[in-house]
Amino acid sequence: MLLGSPKQISIGLLVLRVAFGCFMMVHGIQKVMGFGEISGGFPDPMGVGSQLSLILAIGAEVGCSVLLILGLGTRLAVLPLAFTMVIALFVVHGADPWKVKELAALYLAVYAVLLVTGPGELSLDQKLFGQDKGESE
């Protein structure tokens, strides 16, 4: 089967969620550890202040990454993550060369895929809520 079985697809989505959730969480934990040093100069593209911008980024990068890893509220959890990457890609690093923007674009692509596909069968979303109403197998 060229497209893979439903089980293989769910394993692939699990690997994608856990890997990118862990990768992004590392970025968030680094921000937590250096909060005092970076909070004053953190980019403030939305005009809410550097410290609040940093808190929002940490919330997405750590909190939403935990949800992503668990597959809990997956489609909602990827929204702040994707928004953070849109801001990083097009605003904070908008004038930078592709080499600087590439990582944000990769994360954004993965979050877009997970928004469309959902978390797969190997997730808490599936265990707690089952198949979405209106979706067919």
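Side chains are part of it too, since the values below use all heavy atoms of this structure and drop only hydrogens, waters and symmetry mates.
- Lys101 places a side-chain N or O within donor-acceptor distance of the main-chain N or O of Gly94, the cut-off being under 3.5 Å.
- Judged as a side chain to side chain donor-acceptor pair (under 3.5 Å), the pairs with a partner in residues 43-60 (not counting sequence neighbours) are, in order, Asp44-Ser53.
- Taken to the nearest 0.5 Å, the CG atom of Leu114 stands 11.5 Å off from the CG atom of Leu79.
- Between Ile9 and Gly4 the shortest heavy-atom distance is CD1-O, 3.9 Å.
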### Query
Between Leu14 and Ser123, is a side chain to side chain contact (heavy atoms under 4.5 Å, CB included) present by the stated rule, with each step listed?
CA-CA 7 Å; Leu14 173 67; Ser123 65; over 6 Å; no
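- Applying the salt bridge (charged side-chain N to carboxylate O under 4.0 Å, His left out) test to every pair with at least one member in residues 104-117, sequence neighbours left out, gives no pairs at all.
- Atom CD of Glu37 sits about 14.0 Å away from atom CZ of Phe42, to the nearest 0.5 Å.
- Tracing side-chain contacts under 4.5 Å through hydrophobic residues (I, L, V, M, F, W, Y), one reaches Leu76 starting from Val113; they form part of the same cluster.
- When all heavy atoms are compared, the tightest approach of Cys64 to Ala77 is CB-O, 3.4 Å.
- Using a 4.5 Å cut-off between side-chain heavy atoms of Ile, Leu, Val, Met, Phe, Trp and Tyr, with links allowed through other members, Leu115 and Met85 fall into the same hydrophobic cluster.
- Under the 4.5 Å side-chain heavy-atom criterion for grouping Ile, Leu, Val, Met, Phe, Trp and Tyr, Ile38 is connected to Met25 within one hydrophobic cluster.
- In this structure, Val66 is a member of the same hydrophobic cluster as Met33, with clusters built from ILVMFWY side-chain heavy atoms closer than 4.5 Å.
- With values rounded to the nearest 0.5 angstrom, Glu102 atom CD is found 10.5 Å from Leu89 atom CG.
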Sequence neighbours excluded and cut-off under 3.5 Å, please list the side-chain donor-acceptor pairs for residues 15-22, or say none.
unit_1, atom_1, unit_2, atom_2, d
Arg17, NE, Leu68, O, 2.9
Arg17, NH1, Pro119, O, 2.8
Arg17, NH1, Leu122, O, 3.2
Arg17, NH2, Ile69, O, 3.2
Arg17, NH2, Leu122, O, 3.2

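- For the atom pair Tyr107 OH and Met24 CE, the distance stands at 4.5 Å (nearest 0.5 Å).
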### Task
Start with the C-alpha distance between Val110 and Leu106, add both sets of side-chain angles, then the distance that settles side chain to side chain contact (heavy atoms under 4.5 Å, CB included), and finish with yes or no.
CA-CA 6 Å; Val110 168; Leu106 289 171; 5.9 Å; no
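- Legend: salt bridge (charged side-chain N to carboxylate O under 4.0 Å, His left out) pairs involving residues 109-125, not counting sequence neighbours: none detected.
- Here the CE-CD1 distance, from Met46 to Ile87, works out to 6.0 Å after rounding to the nearest 0.5 Å.
- Taking all atoms of both residues into account, the shortest heavy-atom contact from Gly118 to Leu13 is O-CD1, 3.9 Å.
- In terms of heavy-atom proximity, Pro45 sits nearest to Val92 at CG-CG2, 4.2 Å.
- Residue pairs satisfying the side chain to side chain donor-acceptor pair (under 3.5 Å) criterion with at least one member in residues 77-90, sequence neighbours excluded, are absent.
- Take Lys31 and apply the side-chain hydrogen bond (donor to acceptor under 3.5 Å, both in side chains) test, not counting sequence neighbours, and it matches Glu61.
- Cluster annotation: Ile58 is connected to Ile29 through the hydrophobic network of ILVMFWY side chains, with a link wherever side-chain heavy atoms come within less than 4.5 Å.
- The only member of Thr74, Leu72, Leu67 that meets side-chain contact (heavy atoms from CB on, under 4.5 Å) when paired with Leu124 is Leu72.
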### Task
Decide yes or no on side chain to side chain contact (heavy atoms under 4.5 Å, CB included) for Leu103 and His27, but give the supporting numbers first.
CA-CA 12 Å; Leu103 188 57; His27 289 281; 4.0 Å; yes
